[in-house]
Amino acid sequence: MFSEHLRAARAYPEKFILSTVLHRQYLRDWVLMRQMVTTRIDPTNHMGVPIEISDITSNIMVASNGTEVALT
């Protein structure tokens, strides 16, 4: 979703809203990837895009125009 949005809109999304479970998964995957890359992780930010944690409204990317896109 991120790459598609960046290519189409030529802009970063406003933010990601992730469930607690998906955020944990994201952090776990990042740790696995860090074994190959030495980049530090900021759990509240992905490539400059803020990450919010919510179990009410979750697993969406808010596009640069405000549109909510489901992360599936």
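Position 1 is the first residue of the sequence, and the numbers go up from there.
- Between the D55 side chain and the T20 main chain, a donor and an acceptor come within less than 3.5 Å of each other.
- Side-chain contacts under 4.5 Å among hydrophobic residues (ILVMFWY), followed directly or transitively, place I17 together with I60, V62.
- Residues V21 and L32 are members of separate hydrophobic clusters, defined by side-chain heavy-atom contacts under 4.5 angstrom among Ile, Leu, Val, Met, Phe, Trp and Tyr.
- Sorted pairs that involve residues 62-72 and meet salt bridge (charged side-chain N to carboxylate O under 4.0 Å, His left out), not counting sequence neighbours, are lacking altogether.
- Between the NE2 atom of H23 and the CZ atom of F16 there is a distance of 11.5 Å, given to the nearest 0.5 Å.
- Side-chain atoms of N59 come within 3.5 Å of backbone atoms of S19 as a donor-acceptor pair (strictly under, hydrogens ignored).
- What you find for Y26 and N45 is that their closest heavy atoms are OH-O, 3.8 Å.
- Looking only at side-chain heavy atoms (C-beta outward), V69 and L71 stay at 4.5 Å or farther from each other.
- There is no path of hydrophobic side-chain contacts, each under 4.5 Å, that joins V31 to L18.
- At a threshold of 4.5 Å between side-chain heavy atoms, the hydrophobic network of Ile, Leu, Val, Met, Phe, Trp and Tyr places M61 and L27 in one connected group.
- Listed by chain and number, the residues in a salt bridge (Lys or Arg N to Asp or Glu O under 4.0 Å) with E52 are K15 (sequence neighbours excluded).
- The environment of CZ in R10 is sparse: at most 12 heavy-atom neighbours from other residues, nucleotides or ligands sit within 6.0 Å.
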